Amino acid sequence: MAKWGQGDPRWIVEEREDGTNVNNWHWTERDATSWSKGKLRELLVGITVENEAGRCEISELKQVEGEASCSSRKGKLIFFYEWNIKLGWKGVIKESGVRHKGLIEIPSLSEENEVDDTEVNVSKKKGDGDILKDLMKTAGTAKVREALGDYLKALKTEFTMGMILPTKAVATQEMTVKRKLSENTLQASSAVALGVRIPTVALHMTETFDTAVEQLYRIFTVKDLVQKFSKSPAILEAEKGGKFQMFDGNITGEYIELLTNKKIVMKWRCRNWPEEHYATVALNFVPTVRQTELQLDCKGVPVCKEENMKFCWQKQHFEEIKGLLQLTTLNG
């Protein structure tokens with residue numbers, strides 16, 4: 001019988017207060033369902049295809065049903081996912097300017113099939129416009145499959161960070177390397193800052209809403225209204241220093257300043273940004289005749305995420321809020 005602490009390191013389970021899965025031997029599982037819904041929305045909504053005859057865009061994630069998870073056992077990752085997805089698309093015929101709408105259905109995205117073999121069905125509402133349907137069936141389907149492939153790559157890399165921990169021996173080696181690097185850094189210059197500088201950009205966007213400034217301000221600060229326009233659970237502490245979480249946890253941050261009906265300043269980040277990196281988002285509410293102008297100023301957006309940031313605010317905030325306001329007006 002081996003003595004305590006000796007033998008095959010895979011079988012050595014240390015008593016640790018933090019419950020770390022030493023040597024990755026134990027079965028661990030992480031639910032990826034909420035993360036996946038946000039990632040699928042991010043990758044699929046906004047896809048555009050165009051040719052000489054027309055232009056089409058996936059405008060809405062109508063339904064995403066299913067689940068996803070990742071398990072770790074003996075240092076290996078095991079993925080399970082099964083999704084039924086419905087998307088709304090809209091298009092315009094260039095010559096006539098006539099607009100059409102339709103659906104894209106992905107009845108079964110799962111680990112049992114390759115992405116290239118995944119069924120993607122394109123349909124259109126009655127009437128002319130088959131030229132747009134054909135465009136979505138060819139170029140549109142190709143882009144949808146590409147986006148699904150990007151989702152699976154992110155699931156297996158971005159989502160799983162930290163699930164496979166270094167073994168004790170590797171961890172010791174890494175600590176030695178880090179210690180040497182630290183010593184060299186200090187010797188080179190005591191003024192050198194730790195970390196990596198992230199290239200960033202600033203954004204400015206302006207949007208006009210057909211509502212009073214009081215109502216628009218409430219939409220950004222009242223939990224029920226945020227959940228309605230985002231179509232997902234949210235956590236809101238609308239006060240200075242309060243935290244917020246939106247879009248199934250894909251957007252998180254903290255309120256820095258709130259001036260009722262005038263201004264909101266936030267620390268703001270997306271889940272797939274570099275760890276602990278936040279942008280500063282300022283919303284200025286400017287009342288006009290029967291309308292409110294919203295001025296968005298954002299500093300510190302990672303350069304590689306600039307287009308995603310624009311899409312997030314234009315499509316997932318501004319357009320969804322306008323839809324909520326129209327619904328409220330009709331119901332009223």
Side-chain angles (χ1 to χ4, degrees), residues 31-70 77-94 98-160 230-232 247-248 250 271-272 307-308 310-312 314-316 319-320 323:
D31 184 5
T33 302
S34 293
W35 177 89
S36 293
K37 289 181 178 180
K39 178 59 69 174
L40 287 166
R41 180 192 299 272
E42 175 188 327
L43 293 171
L44 291 167
V45 178
I47 287 177
T48 58
V49 288
E50 186 172 0
N51 60 16
E52 64 280 357
R55 183 179 186 277
C56 298
E57 176 186 2
I58 295 179
S59 56
E60 182 182 2
L61 179 62
K62 288 182 170 290
Q63 172 186 299
V64 53
E65 294 181 344
E67 58 182 325
S69 64
C70 176
L77 293 175
I78 304 166
F79 297 92
F80 169 81
Y81 52 91
E82 188 170 4
W83 295 107
N84 181 329
I85 302 168
K86 290 184 181 180
L87 303 159
W89 66 269
K90 58 185 179 181
V92 59
I93 298 175
K94 291 182 177 179
V98 176
R99 298 179 181 275
H100 295 275
K101 294 182 179 181
L103 289 175
I104 296 176
E105 297 185 70
I106 306 165
S108 180
L109 172 66
S110 75
E111 74 280 357
E112 296 180 359
N113 300 308
E114 297 293 331
V115 170
D116 290 342
D117 298 327
T118 299
E119 184 179 356
V120 179
N121 299 319
V122 179
S123 61
K124 183 186 66 64
K125 292 186 177 181
K126 293 181 180 180
D128 297 330
D130 285 340
I131 194 169
L132 296 179
K133 180 181 176 181
D134 292 340
L135 176 60
M136 289 303 294
K137 274 189 172 182
T138 53
T141 295
K143 282 203 171 185
V144 165
R145 288 200 173 110
E146 181 181 345
L148 295 177
D150 290 340
Y151 156 68
L152 296 181
K153 289 177 185 177
L155 176 65
K156 296 174 181 180
T157 54
E158 178 185 322
F159 177 77
T160 58
S230 67
K231 300 180 176 128
S232 61
F247 295 102
D248 291 316
N250 283 287
R271 177 180 276 167
N272 62 1
E307 292 306 315
N308 285 347
K310 290 178 181 177
F311 172 82
C312 175
Q314 185 63 48
K315 298 289 185 180
Q316 297 179 323
E319 292 187 13
E320 293 295 340

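Residue numbers count from 1 along this sequence. The model shown is predicted, which means the values in this text are computed figures rather than measured ones.
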Expected output: side-chain W89 to main-chain S123 donor-acceptor under 3.5 Å: yes
Heavy atoms of other groups near K94 NZ, more than 12 under 6.0 Å: yes
Nearest 0.5 Å, what's the OG1-NZ distance between T48 and K143? 4.5 Å
To the nearest 0.5 Å, how far apart are CG in D134 and NZ in K124? 10.0 Å
Could you report the tightest heavy-atom contact between F311 and V45, atom names first, then the distance? CZ-O, 2.9 Å
Begin from the C-alpha positions of W83 and L148 and carry the test side chain to side chain contact (heavy atoms under 4.5 Å, CB included) through to its verdict. CA-CA 11 Å; W83 295 107; L148 295 177; over 6 Å; no
Whether the side chain of K125 engages the backbone of H100 through a donor-acceptor N/O pair (distance < 3.5 Å, no angle test) should be reported. no
Start with the C-alpha distance between L87 and I47, add both sets of side-chain angles, then the distance that settles side chain to side chain contact (heavy atoms under 4.5 Å, CB included), and finish with yes or no. CA-CA 11 Å; L87 303 159; I47 287 177; over 6 Å; no
Under 3.5 Å, side chain of R41 to main-chain N/O of L61, donor-acceptor pair present? no
Does L44 reach the side chain of I104, with side-chain heavy atoms less than 4.5 Å apart? no
Verdict with supporting geometry, F79 and L152, side chain to side chain contact (heavy atoms under 4.5 Å, CB included): CA-CA 10 Å; F79 297 92; L152 296 181; over 6 Å; no
Would you confirm whether E105, through its side chain, and K86, through its main-chain N or O, come within 3.5 Å as a donor-acceptor pair? no
Could you go through the salt bridge (charged side-chain N to carboxylate O under 4.0 Å, His left out) check for K39 and E42 one step at a time? CA-CA 5 Å; K39 178 59 69 174; E42 175 188 327; 3.6 Å; yes
Is a donor on one side and an acceptor on the other found under 3.5 Å between the side chain of T141 and the backbone of M136? yes
Apply side chain to side chain contact (heavy atoms under 4.5 Å, CB included) to residues K153 and D150 and explain how you reach the verdict. CA-CA 5 Å; K153 289 177 185 177; D150 290 340; 4.3 Å; yes
Between atom CD of Q314 and atom CD of E320, what is the distance when rounded to the nearest 0.5 Å? 11.5 Å
Closest heavy-atom pair, S232 versus D248, reported as atoms and distance to 0.1 Å, is OG-N, 3.7 Å
Give, for atom CD of E60 and atom CG of L103, the distance between the pair rounded to the nearest 0.5 Å. 9.0 Å
I need the minimum non-hydrogen distance between A32 and L155, along with the two atoms involved. CB-CD1, 3.8 Å
Between atom CG of N250 and atom NZ of K37, what is the distance when rounded to the nearest 0.5 Å? 12.0 Å
Donor-acceptor pair, T33 side chain versus A68 backbone, under 3.5 Å? yes
Look only at the side chain of S59 and the backbone of G88, and say whether a donor-acceptor pair between them is shorter than 3.5 Å. yes
Roughly how far, to the nearest 0.5 Å, is the CG atom of N51 from the SG atom of C56? 8.0 Å
